[in-house]
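This report refers to the structure that appears directly beneath it.
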Amino acid sequence: MMISITNQTRSYDQEATERFQNYVEQALLTVMQSSWVDSRIKDSEADISVDIRLVGTDAIRKLNREFREIDKVTDVLSFPVLDMKEGNLSCDLMPYDFSYDESGKKLLGIGDVVICPERAKKQAESYGHSLDREMVFLAVHSFLHLLGFDHMVKEEEEKMFAEQERVMCEIGLPRGENKEISNSSILSGSDDEHPVGEILAHCGYCALIGRPNVGKSTLLNCISGMKLAIVSHKPQTTRNNIRAVYNRPDAQVIFVDTPGIHKPSSKLSEFMVDSSFRAAKGADVVALMVDARFNKPAKVEKQAVETAKKLKKPLILIVNKADAVTKENLLPLIANYASLADFSAIVPVSALKDDGVEELMNVIIDMLPSQPRYFPMEEVTDQSEREIAAEMIREQILHYTNEEIPHGTAVEIDSFDEVLKEDAVDSYDRSLVKIHASIICERDSHKRILLGKDGQMIKRIGTAARKSIEEMTDCKVFLDLYVKVRKDWKNRQIFLEEFGYTQKED
Ligand code: GDP
Ligand code: MG
C-alpha cells in the first residue's frame, strides 16, 4: 500500500498526521483484502496507491464549487480514477493504469481523497468520538467510494456502511470508542437505519414561556454558549419561532417561543396565553419560567399552566434567578406552584450564573422522544419564515436587475397565510402558503425596470423566488408580487418602521 498524505492545513498537527497515516495504511490494507475486491486488481500484483490531501475549509469549499457546483464546506471529497462498482472493475486494467516509482515498484493508483480536518473536528465533537476516529472514518468512507461503493440508494448504502464499520472495527476504531456517548444513550435500533449524522437522539421541541424579564433570553444565551449548533441562515431548516437549538451527541432540544412576547403589559395576559398556546401546541414539553423572587403565581402564570394542561403537554417549572434568593425562600414558591399543577419537574436555576442549567437540560432531554435529529447540527436559523421569504425575493431582485435598483428597494410581506392540510396534525402540516408581497422602490423608472416589458421581469423574479420559498416551506406557494413607488422612502422614518428596519414602539 502506498498512501501519501499532504497536509495543507495548520489545524492538524504532525503527531496527529502520523497517527492518521498509520491508521489509514491499516485501513486500506483491510479494505483491499476484502473478498469483493476484483481479482484483476489482486492479480496485478501492483501496490495500491492513494493520495490524501488535508485542506482547510476554504480549499474544500472551492473544490466543491469547481467539481460539484455547490458552495459548501464538506468533510471529504473522493476522486476515483478507476471505473468500478462495489469492488468490481467495469473494464480490464490497462497498462496506463499503472505507474512505477523510483525503485521500479509497480503502482496502481485508485484515486485521490481530500479531507477537511477542521470540519472533521466539529463532527467528531458532535458525535462525541475522537478526531482520530472521524478522520480515519472519512478516509475509509472515501476508499470505498474510490472502489465504486455509493450511498445513493438504500441497499447500496447499507452495504457501504456495513463495510465501513467492519473496517473501522478491524483497525481498532469501532463506533463508540472514546466513550463520551455510550451506546445506550444513542438508543440504537439498527445502525443501518440511521447512518452517518443521524444518530438517534432524544429530540424535540420545548416551548419556553414566561412573562418578560424572568430571564428567558438569558437562559437561551447561556444554552447557546454550550450548544454546538451554529446559527446560520439556511432557510430549509426554518420553523417559526425557533429561539435556540441545543445539540448534544445524544440529544437535540429546539426551544420555541413566539415573537412579540414583549408586547405592552396592558394586554399581556391575553397575549401570553395566545402566544404560549401557539408555541406549546407543537411542542413536546412546555417549560414555564418564573422569577424566584416572586412567590405567587399571577394570572399570566396561571393561564400558561392551564394552556399546558389543556394541550396535555408535560410541564416543567423553571425557577430562575435562584441566586437572588435563599434556598428557604424557594420553598413557598414551590409549594404555591405545585398546588397549581402537576409539574413533571421543578428546577431552580440561575441562568445568569449558569447554575443548574445543565441539570435543567437533562430534565428536558429525558422527557423528549427518541428519534433522529430534526435539524443537522449546523443548519439552524433564528429568522422567521416571513423574513426569509422577503430575503429570497430580494435575492431574486438582485439576481435579475442591475445593481442600481436593489439598493433602492425593500421587500415587504403584506400577508403570509398558511392553509393546513385536511388531516394536519400540527400547524406545520401545510398544503399551501399564500404570500402577498410588495417591492418598494424609489423611482418610477425603477418600477418600470422591475416590471419589465409586459411584466416579464417581475414574473421571472416571482417564479424564481417562489421556487426557493417552496423549498423552505415544503409545500406549494402562491406568491403575488406588487411593485410600489415611495419616493425617498429610505429617509422616511415611517416607512422604515413599516418595513421592520427599526423597532416599533407599540
Ligand atoms: P426575558 O425578558 O424573559 O427574556 O428576560 P431577560 O433574559 O432579558 O432577563 C431580564 C433580566 O433578568 C436581565 O437583567 C437579566 O440579567 C436578569 N436575569 C436573568 N437571569 C437571571 C438570574 O439567573 N439571576 C439574576 N439575578 N438575574 C437574572
Ligand atoms: Mg429578553
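As the structure is a computational prediction, the values presented were derived from the model and not from experiment. For the single chain, residues carry numbers from 1 onward in sequence order. Order of appearance sets the numbers: ligands from 1, and atoms from 1 within every ligand.
- With Lys321, Lys216, Met289 as candidates, the residue nearest to atom 28 (C) of ligand 1 on a non-hydrogen basis is Lys321.
- No donor-acceptor contact under 3.5 angstrom links the side chains of Ser431 and Lys421, judged on distance only.
- Side chains of Ser350 and Asp355: a donor-acceptor N/O pair is absent below 3.5 angstrom, by distance only.
- Taking every non-hydrogen atom of Val214 and a distance limit under 4.0 Å, the qualifying atoms of ligand 1 come out as 3 (O), 5 (O).
- At a heavy-atom cutoff of 4.0 Å, ligand 1 is contacted by the side chain of Asp323 but not by its backbone.
- The atoms of ligand 1 that sit less than 4.0 Å from any heavy atom of Asn213 are 1 (P), 2 (O), 3 (O), 5 (O), 10 (C), 11 (C), 12 (O).
- The side-chain hydrogen bond (donor to acceptor under 3.5 Å, both in side chains) check on Asn362 picks up Arg248, with sequence neighbours excluded.
- Between Asp284 and Lys313, no side-chain nitrogen of the basic residue sits less than 4.0 Å from a carboxylate oxygen of the acidic one, so the salt-bridge criterion is not met.
- Remark: Arg293 pairs with Asp291 by the salt bridge (Lys or Arg N to Asp or Glu O under 4.0 Å) rule, at least two apart or across chains.
- The contact set between ligand 1 and Gly215, taken as ligand atoms under 4.0 Å from a residue heavy atom, comprises 1 (P), 3 (O), 5 (O), 6 (P), 7 (O), 9 (O), 19 (C).
- The closest approach between any non-hydrogen atom of Ala351 and ligand 1 is below 4.0 Å.
- Across Leu352, Asp354, Asp355, Leu208, heavy-atom proximity to atom 27 (N) of ligand 1 is greatest for Leu352.
- Looking at Arg133 and Glu165, a side-chain N of the basic residue comes within less than 4.0 Å of a carboxylate O on the acidic one, giving a salt bridge.
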